[in-house]
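Contents: one structure, followed by commentary.
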Amino acid sequence: IIGMLLLILRQTQRHNTELIGTMRDSYEKQLYMVNDRLTASIDRWKDVNHLLLGSEAVPATTDPDARVCITSFLKANGIRPEEIEPDPELVFVLTPFNTRFDEVFTTIRSTCMDVGLKCYRGDEHFIQGEILPHILKLLCKATVVIANIEGRNANVFYELGLAHAMDKNTLLVAKSVEALPIDVKTKKIIVYQQPQELRSKLKDELLRLAYRRPTRLKSDSKQ
């Protein structure tokens, strides 16, 4: 009897987990549809993203080799100095965990690999407990942070704010809408229509950041 009860309990938990996952996907898709309508014109898009446009208007002077300072916030989340040694080849991608954005992430990852960089996102490893400390470690170690701002996902914007606070080099990615101007005073917001266009623009930006690194400039001067 105990064995049967345990079996029923496991089946019920599995069913509830699948049900919650299905409901979450459904709600997220509805939110993304609403966001698409909200940003369906130039004025609406600018109104929604004015903070992002303003924050990215100033060229970055970030040193990708610099170690992130351990703040009380990081300490409270269990981050230790020895866990966040900068990784010059690490790119961390902030993206909604929804199948709608899988193709974008695949394009970003393959582009990073083409230029010799590693690329991760926050849900690729099984994490016991809270996922935030895991994401914080990757943010601290990354040399570049790429944020897919399509859909205005709350988690992505929160993590992007953390990346800015850590003084990370950030690249923002968003699909173009009808008549959206590509020139928004900075190339750090990558606006694209097709995956191939994203690949081309992202590759240019990653190479630009790579050649701005002090270590690379020193090696070039010797040649």
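No hydrogens, no waters, no symmetry mates; every other heavy atom, side chains included, goes into these values. None of the values given here were measured: they were computed from a predicted structure.
Residues Met166 and Cys140 have side chains in contact (heavy-atom distance under 4.5 Å, counting atoms from C-beta outward). Contact check for Phe105 versus Ile146: no side-chain heavy atoms found under the 4.5 Å cut-off. Put simply, the side chain of Leu202 reaches to within 4.5 Å of the side chain of Leu171, judged on heavy atoms. Within the 4.5 Å cutoff, the side chain of Glu150 has no heavy atoms near those of the Val173 side chain. Ile190 is listed as a side-chain neighbour of Glu205, based on a closest heavy-atom distance under 4.5 Å. Side chains of Leu117 and Leu90 form no contact here, defined as non-hydrogen atoms less than 4.5 Å apart. At least one side-chain heavy atom of Asp87 sits under 4.5 Å from a side-chain heavy atom of Lys118.
Listed by chain and number, the residues in a side-chain hydrogen bond (donor to acceptor under 3.5 Å, both in side chains) with Gln11 amount to none (sequence neighbours excluded). Judged as a side-chain hydrogen bond (donor to acceptor under 3.5 Å, both in side chains), and not counting sequence neighbours, the contacts of Ser110 are Arg199. Here Gln196 pairs with nothing under the side-chain hydrogen bond (donor to acceptor under 3.5 Å, both in side chains) rule; sequence neighbours left out.
In plain terms, the two heavy atoms of Thr95 and Val156 that are nearest each other are C-CG2, 3.6 Å. Scanning both residues, Cys112 and Leu206, for their nearest heavy atoms gives SG-CD1, 3.9 Å. For the residue pair Glu197 and Gln193, the shortest heavy atom distance occurs at OE1-N, 2.8 Å. Nearest heavy-atom pair, Glu159 versus Ile135, reported as atom, atom and distance to 0.1 Å: OE2-CD1, 3.3 Å. Contact between Phe92 and Ala142 at its shortest, heavy atoms only, is CB-CB, 3.9 Å.
Look at Lys141 and Glu85 and you find no salt bridge, because none of the NZ, NE, NH1 or NH2 atoms lies under 4.0 Å from a carboxylate O.
One N or O on the side chain of Glu83 and one on the backbone of Arg80 form a donor-acceptor pair closer than 3.5 Å. Here the side chain of Lys201 pairs a donor or acceptor atom with the backbone of Val191 at under 3.5 angstrom. One N or O on the side chain of Asn98 and one on the backbone of Arg100 form a donor-acceptor pair closer than 3.5 Å. Side chain of Arg121 to main chain of Pro96: no donor-acceptor pair is present (N/O by atom type, distance under 3.5 Å, no hydrogens or angles).
Evaluated for a side chain to side chain contact (heavy atoms under 4.5 Å, CB included) with Leu94, the options Leu138, Leu139, Thr170, Asn153 yield exactly one hit, Leu139.
In terms of hydrophobic clustering, with Ile, Leu, Val, Met, Phe, Trp and Tyr side chains grouped at heavy-atom distances under 4.5 Å, Ile70 and Leu136 are assigned to a common cluster.
Within the model, atoms CZ of Arg208 and CG of Asp204 stand 10.0 Å from one another, a figure rounded to the nearest 0.5 Å.
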